[in-house]
Amino acid sequence: FAAGTYDNGVMIYGADGALRYRLTREAGLPDNSIYSLFTDRDGGLWIGHANGLTHALPGLAAQRLTAGRALSARITRLRPASNGSYWAST
């Protein structure tokens, strides 16, 4: 599971509860202030933070979605829509 923090990025834990890794600014996350997390049906982790939205896939680098591709504002909530897309609140 994943836990977002106010100033230390995202902590990723294994099924045994042990910390597996951290996604932080130093590791390429645009911001360490996490406001929302959502896991999609493909296992991707959507991270809403003070600088927009980042999508991380297990085992791959996190990709920040920038203006023109997605919102570039503080994302406070992420939810799935009935048509398979996602809603983001700012």
Side-chain angles (χ1 to χ4, degrees):
F1 71 94
T5 69
Y6 179 70
D7 60 358
N8 286 312
V10 179
M11 309 296 185
I12 308 293
Y13 297 91
D16 61 357
L19 180 65
R20 297 291 182 227
Y21 57 94
R22 290 178 46 205
L23 291 173
T24 63
R25 183 179 296 241
E26 292 78 20
L29 196 61
D31 197 282
N32 282 337
S33 296
I34 308 304
Y35 295 103
S36 59
L37 295 172
F38 178 78
T39 303
D40 63 28
R41 64 179 170 248
D42 298 320
L45 181 63
W46 293 87
I47 306 163
H49 46 75
N51 288 321
L53 187 61
T54 297
H55 186 230
L57 292 170
L60 298 175
Q63 176 184 5
R64 179 174 181 220
L65 302 179
T66 58
R69 292 188 60 199
L71 295 173
S72 189
R74 180 178 295 173
I75 307 298
T76 59
R77 189 169 180 172
L78 298 164
R79 293 291 176 251
S82 60
N83 66 357
S85 61
Y86 299 96
W87 289 95
S89 301
T90 60

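Counting begins at 1 with the first residue of the sequence. These numbers come from the heavy atoms of this one structure, side chains and all, not from hydrogens, waters or symmetry mates.
- Applying the salt bridge (Lys or Arg N to Asp or Glu O under 4.0 Å) test to every pair with at least one member in residues 6-17, sequence neighbours left out, gives these pairs: D16-R20.
- The heavy-atom pair separating V10 from A2 by the smallest distance is CG1-CB, 4.1 Å.
- Partners of F1 according to the ring-ring contact (aromatic ring centres under 6.0 Å, His included) rule, which considers only residues two or more places apart in sequence or in another chain, are Y13.
- Side-chain contact between L37 and L45: present, with at least one pair of heavy atoms (C-beta onward) separated by less than 4.5 Å.
- Every residue two or more places apart in sequence or in another chain that forms a side-chain hydrogen bond (donor to acceptor under 3.5 Å, both in side chains) with R25 is listed here: D31.
- Closest approach of A56 and I47 over heavy atoms only: CB-CD1, 4.4 Å.
- At least one donor-acceptor pair under 3.5 Å links the side chain of S33 to the backbone N or O of Y6.
- Counting heavy atoms from C-beta outward, L23 and I34 have side chains that stay 4.5 Å or more apart.
- Among residues two or more places apart in sequence or in another chain, the side chain to side chain contact (heavy atoms under 4.5 Å, CB included) test is passed with R22 by N8, M11, L19, T24.
- Residues passing the side chain to side chain contact (heavy atoms under 4.5 Å, CB included) test with D40, sequence neighbours excluded: F38, D42, W46, H55, Y86.
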